[in-house]
Structures are given as C-alpha cells and as structure tokens.
Protein chains: 4
Amino acid sequence: MAREKGWKGKESRERLLAAAIDEFANQGFHKTKVSTIVTRAGLTQPAFYLYFSSKEAIFDEVVNDFHERLRMMMKTIRMEPGIETEDVPKRVLFAVETLFRFLAENPNLTRIGLFQTPEAKKIKEELAFMVVENLRAEQQAGYFHPDLSMEIVAECLVGIVERLTVSQLFSKKSNAESLAAQVVHLLMYGMFAHGSVLREKP
Amino acid sequence: MAREKGWKGKESRERLLAAAIDEFANQGFHKTKVSTIVTRAGLTQPAFYLYFSSKEAIFDEVVNDFHERLRMMMKTIRMEPGIETEDVPKRVLFAVETLFRFLAENPNLTRIGLFQTPEAKKIKEELAFMVVENLRAEQQAGYFHPDLSMEIVAECLVGIVERLTVSQLFSKKSNAESLAAQVVHLLMYGMFAHGSVLREKP
Amino acid sequence: MAREKGWKGKESRERLLAAAIDEFANQGFHKTKVSTIVTRAGLTQPAFYLYFSSKEAIFDEVVNDFHERLRMMMKTIRMEPGIETEDVPKRVLFAVETLFRFLAENPNLTRIGLFQTPEAKKIKEELAFMVVENLRAEQQAGYFHPDLSMEIVAECLVGIVERLTVSQLFSKKSNAESLAAQVVHLLMYGMFAHGSVLREKP
Amino acid sequence: MAREKGWKGKESRERLLAAAIDEFANQGFHKTKVSTIVTRAGLTQPAFYLYFSSKEAIFDEVVNDFHERLRMMMKTIRMEPGIETEDVPKRVLFAVETLFRFLAENPNLTRIGLFQTPEAKKIKEELAFMVVENLRAEQQAGYFHPDLSMEIVAECLVGIVERLTVSQLFSKKSNAESLAAQVVHLLMYGMFAHGSVLREKP
DNA sequence: AATGAATGAGGCTTCATTCAT
DNA sequence: CATGAATGAAGCCTCATTCAT
C-alpha cells in the first residue's frame, strides 16, 4: 500500500487547514464560515468536527503553529553576545532580511497571526524584546547612541517590518533583501546625507 | 424652554455614537451588538434605527468622521515647499508630534479607524503619500541621502507611528512629545553614535 | 374668516385619506406604511392617530365609504319590476354602462374595495344578487332562455365586469360605453353570427 | 435501507411546501409566518432555510410551479387550426371544462397563483391571448359575429372563469362540467330564448 | 392641531454545532 | 471516515402605536 492507514484522514485535515487559512486570511475570522471551509475542502460540516473541536480551535491552531515557527526563526536570528562590533550591521541585516523573507513566504499566515489575532500582541512583544536584547549590548559598547531608547528603537523596527510587509512584500512592490537593506541603513545612519555607506553597497 | 428643540434627539444620537465607538473599539465590529449599544445609551433597539440606518452605517459614520478629522489634521502638518533647510527637522518634529497627539487623544477612534476597518488601508496610503511629498523636496535639495527611497522611508514612518501608538501611547508608557523626538532623531541621524545632535536637544 | 374652525383638521384628514387610498391601491394593505401615508400628507405619525384609530381603521373607512357609494349606485340601476320587455336590453345596457363608469371613475377605490379587501366578497354577492333579481322576472316572462341559471349568469356578469375593469378600463384600452355595449350584446345574443342586432347599433 | 438516500430531505421539503401553500392560500403572503410553516411541517426555523432561501423564494416557487402546470394544461386545450366548424363548440366546451377542472382540483394553488401574486396578471394575459388565438380563426371563417372583438370576448371568458371558480367551484356550489356547459352556451347563444341548442344537451 | 422622541412586539435569517446513520 | 438532516441560540431590523409636550 502506497498510503498507510490514516492517510485519508490526514489529507482531509490538511485540506481543511488550507481552506481555513485562506479564508481566515482574506475574510477574517468572523466572515469565515465553517460551511465555506468544508465546501472548499470537499467535505461536509460534521467532518469538520472530526478534526477540530470548533471554529475557534482551528483558528487557534493556525495561529499557534505560525507563532511557533516564527519563534523558531527568531532563535536563528538572535545574535550571540560577544559578536565583533564591525559585524553588527551585517548581522542585523541578516536578521531583518530573514524575518522579511519568512513573512513574505507566508503571507496568509502572517495576515492571520500578525494582524488578526489578539495573540499578535504577545508575539510582537517577544519580537521587540529579542531586538532589544540584541541591541542593548552594542549600545553599552558605545556602538549605538547612548541616549536612544533601545525599547523604542525595537518597537520602531517592529512597526517598520509590519508596515513594509503589508505595503511592499504582499503587494510584491519590493523584496525581502532590498527592504532589509534599506531599513537597516535607515536605522543605522539615518536620512541625512553625510557619512553614508549606502553608496558603497552593491 | 431650557433646551432648544431637537436637543434631546441629538443627545440620544450622541450617546449612541459614544457607546458604539467604545464597543467597536474594544470588541470589534462583529462582537459589538446593537442591543448592547442601545442599552448603554439608555434606549431600546428601535431607537437606534431612528438615528442610524444599520449597524454598518454607524460604523461607517464613525470611521468616516475620524478619517475626515485625520485628513484635516494632515493638512495642517503638511510642509509648504520652499521651507528653510535648517527648519526641516523642526517641522518634521512638529508634524510627527501633532500626529501622535491626535492619535493619543482619540485612542478608540484610532483603534477603529486605523486598525479595524478595511478603509484604514486607504488613509494610511494617503498618510504615506503626504509624507513622501514632504520629504521629496528636501531630498532633491540634497538634504537627504539620495539613494534612499522616500516611499520606503514614508512607509517606515507610518509603520513606526502605528506601532508606537499602540505600544507606547495607548498604554501610556510614553507621550507624543517624547516619542516624536526619538522617532525623528532616529530617522534623521540613525542609531550610530557619531555626529548626533540629540544631545543638544532639551 | 374664509375658513371656519375645524377646517384645518378636516383638511388634514382628507389629505391622509387621499394618501392612504393611493398607497393602499398601489401597494396593498401590508406594504402600505403609516409612515408613508403621513409623510405624503405632510404630517407626522401621531397626527395620524388624531383622525384614525389604526391603520386598519382607515382602510376599513375607505372600503366602507366605497361600498356605500357602490350600493347607492346599485340602487339607481335596479330595474323596477313590470318594465316593458322591449326596454330590457336598453335598461341592462344602462345598468352595465353606469357600473363601468362608476368603477372607471374610481380606479383606486375599486382596486381597494373590489380586489383587495376580503369585504369584496360580500359586495360582489350583493351585486350578483341584484343582477339575479333584475333578470329573473324577465326569464319568467319567457324573455330569457328558461334553462339558464340566472345565478350563474349573474356571476358571469360580475366576473366580466371585474376583468374588463382591470384589463380595459384601468389601462384605458376601452371605455365604459363601448365595453357595456359589447358585454350586453355578447350576453344577450351570444357569439354566433345569426340573428344579431349588433350591426344595427350606431 | 427501506428508503433511498435523500428521501427524508425531500419529505421535509414537501411538508414545508404543503404547509406553505395552505398558509399562503388562506392567510396571504404577509400574514403567513415562516414560524407557522415550519411548525406545521414539524421542523424548526433553520430547517426552512435548508430548502428555501427565503419566504419570498418559497412563494415564488409555488407560484411558478403552478403557472408552469397551468401553461402545460393550456397547451393541451389549444385548438389546432383547421378544425371542423361543427366541432368548435365541442372543443370550446372541452377547453373550458378542462380549465375549470384544473382550477377546481387546485384550489389553494389557484388562490395563490391567480388571485394573490402580481404575477397573476401575466398568466391571465397569456390565457386571454390563447383564447383570442383560438377564436379568431372561427371568426374569420364567419362562424362568429364579425363585429365582436375577440379580445373583449376572451377577457370576458377569463373573468367568467375567475369569478365562477371562486364563487361556484371553491364553494362546491357547482362543478366543472356543469359550469363549463352553461358558460359555453351563454357565450355561444346568449341569453335570449330563440334558437337555443341547450335543451338538446344531456 | 400637531410634533419630537421613543417603544413593544414580533418577524426573518444566520451560523456553529450535533444527531443518527 | 463521512454524510444527510436538523437544531439552539441569537442577532438585525421593521412597524404600528404611544408618551409627553
């Protein structure tokens, strides 16, 4: 047998999830009807409750899965303490780019997990907190301006990422690399014309 | 007559609006029930329909009023072309501060008009567009780094404002003035420690 | 004073009635709203209840007034017994024509009083009964075919009048005189071509 | 399985239709409540919307089905051109009788489809039109009086049928056969006593 | 003679969820 | 593993009618 036992059930579950993600992302939780999800999955309503205990349950599962994956990704971009000072911009750039890429690759999940669920609040705080941690060491090393509140900077970065994800990434006006470069440069050097290194970039 | 004719009706309408704004802001459109709104306004359900044609209608009115006021405020912070170069940071600071203050003073309306309604998309685009217009002249005057995309910078500013409004303003962790100063400094000079003017600020 | 006391009230009452008749006739009882009636009469809802105790009351008044007038008219077209045999067709023609004219002149009232209200049943029975009375004597005098049921004939006439009123009179495709002539001829002589007198008519 | 799949649903749908027809016919559209229909069908309100999209939808379905059947019946009573002249009365009699029988057998549907819905206008026009077509050939063959307007005659017949259906058929005062015979005789030969053939009928 | 403001009552419809098979 | 059929709960909205002035 090419397909083991339980395969069909898993298939159905996946189809339900896929349909639900699409609906939630584009219609929001309330406008999404269980009846639509099951129809799109080629099933009937009772079948839905074979796999999920409620409409809220499937929404939560989608959100939690996404947040889990996001947290994992966040671990990979956390800078170890003791990093070489001159490597900081590079590391920051890598982190931002990776984050952008992750969100761009999961637009529907991002819409749900970052813009619809109240849980988004928490994950954004975590994200901001990680950024703060990453930045604080450099600031204490005199690398960053001492009067800047790293908390505020971190929130700014989160806001920038949120906004650009929607306005540039989802609309494909720009890509993760380009965006990350510009954002990092902006945050590092500011808008003023003097002393920039942007010109030296490829 | 202590109060003119039509006063009572306007009062009721206002109470309905106030209740609706509070409910919409804190429960969202779908969880907000007309029955709750009218109860909070000390009325019965049919009275609601004396003043608004539907639940959607009152939501739209709230949103449109807010957007209208936001647009008016945006006009007042638009920089006239031909501004003195050395005044730019001051003007930008004023603009950002005014914007923050406006949002901080209308938290519920902001929640509705900036984070709940799909119409928010449009007004944010308008906001970003206004910022772009404001910045472009300075960039062409060599004031801002030529390789920076003002569109992206504008979107960043919008994202920053969105995020800080929620995380700092609504939670009263910070106020409009302080936030505006930090944001403008960050965007103007970046995070790096060299050549800052922040220290000279009051 | 050109207008005596109470004039204004009567005026309002008339306007309400006029509006109600038009609405009832064209929308039916249920689709007609008190709010529409008063608006068309240039009044407010409570004013309505100054003159009529309910929506049903005004409807009934309209119906009863019309039926009263219809009954009066029916009296005028009732044939006295002992009429000369050769005058019968003339008298029948007169009766039918008068009836058509009455209905044509009151299209809205007819729509209400003959086609909408359940009371129509009664008045139509009365109408049919009058016709029966009118015809029976002639039948007993051998004037009409003895095997024909005058009850049925009377009902036929009522049905014809109903239908032609709607299809010809209201649409102005034909007028009372022409219709009456054709109907009476048809009923008197039938459709067959032999022995008609229609040709001799003007 | 004693009954095939889908049987129960169809049963419920039929019960809903039956209840609806009865309510509509006797209470009219507006006084008929969905809640009554479902109660009579032994179901709850949401079940109604499993089978019909709205109260209006079920009404329309009832009307359309009836009109469809009526149209089919009308086809069967349409006289082919080239019919033998002496057969005309027989054919007309058959047609009228068939029509009466159809209406008598469907009193509730007739009440709805012929007296309640605005759509009745159309079907009556179609009926009149068919009658006109049937009569015109005979008139041109000299069979019917040349000065009679077949349009008017047709409308008369429609009116007669309408009226007798209500006053005789529904009340069971008379039956289709008897009514048809009298109506046809009346229209063919008129009320006058001379030259009738009614006496020769069984 | 009339109005601004409000309400009681009730109907239609939707949706997540479950029962029985 | 899945379905046909059904329901509980609840929300939106309408309309005739009335209160207080």
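Small disclaimer: the values here were computed from a predicted structure and weren't measured. Computed from heavy atoms alone, side chains included, the values below leave out hydrogens, waters and symmetry copies.
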In this structure, OG1 of B:T39 is separated from CD of B:E23 (nearest 0.5 Å) by 9.5 Å
ring-ring contact (aromatic ring centres under 6.0 Å, His included) partners of C:Y51, counting only residues at least two apart: none
Output the rounded distance in Å from NZ (B:K5) to P (E:dA2). 14 Å
In sequence, state the C-alpha distance, the side-chain angles, and the governing distance for C:N26 and C:K31, and then conclude on side chain to side chain contact (heavy atoms under 4.5 Å, CB included). CA-CA 9 Å; C:N26 296 299; C:K31 285 195 191 163; over 6 Å; no
Can you work out whether D:H30 or A:E56 has the more 5'-proximal nearest nucleotide on DNA chain E? D:H30
Can the ring centres of A:F115 and A:F170 be said to be less than 6.0 Å apart? no
Sequence-distant partners of D:K122, side chain to side chain donor-acceptor pair (under 3.5 Å), two or more places apart: D:E119
Between P of E:dA16 and CZ of A:F29, the distance in whole Å: 8 Å
Any chance you could lay out the side chain to side chain contact (heavy atoms under 4.5 Å, CB included) test for B:I123 and B:R71, step after step, and finish with the verdict? CA-CA 8 Å; B:I123 204 95; B:R71 280 193 191 94; 3.5 Å; yes
Looking only at heavy atoms, the pair that brings C:L103 and C:T110 closest together is O-OG1, 3.4 Å
Please give, in whole Å, the distance from F:dT17 P to C:F59 CZ? 14 Å
What are the residues of residues 31-51 of chain B, sorted by number, that bring a heavy atom to within less than 4.0 Å of DNA chain E? B:L43, B:T44, B:P46, B:A47, B:L50, B:Y51
Look at the side-chain N and O atoms of B:K8 and state whether any lies under 4.0 Å from the OP1 or OP2 oxygen of E:dA5. no
Which residues in residues 10-18 of chain C have a heavy atom closer than 4.0 Å to any atom of DNA chain F? none
Which residues satisfy the side chain to side chain contact (heavy atoms under 4.5 Å, CB included) test with A:F29, sequence neighbours excluded? A:F24, A:K55, A:E56, A:F59
Where the side chain of B:T117 meets the backbone of B:G113, is there a donor-acceptor pair that is under 3.5 Å apart? no
For DNA chain F, the dot-bracket notation using Watson-Crick and G-U wobble pairs below 3.5 Å, [ ] for pseudoknot-type crossings and | for other-strand pairs, is .||||||||||||||||||||
Of the non-hydrogen atoms in D:I37 and D:A19, which two are nearest, and what is the gap between them? O-CB, 3.7 Å
Tell me the closest heavy-atom pair linking C:L114 and C:A120, and the distance in Å. O-CB, 3.6 Å
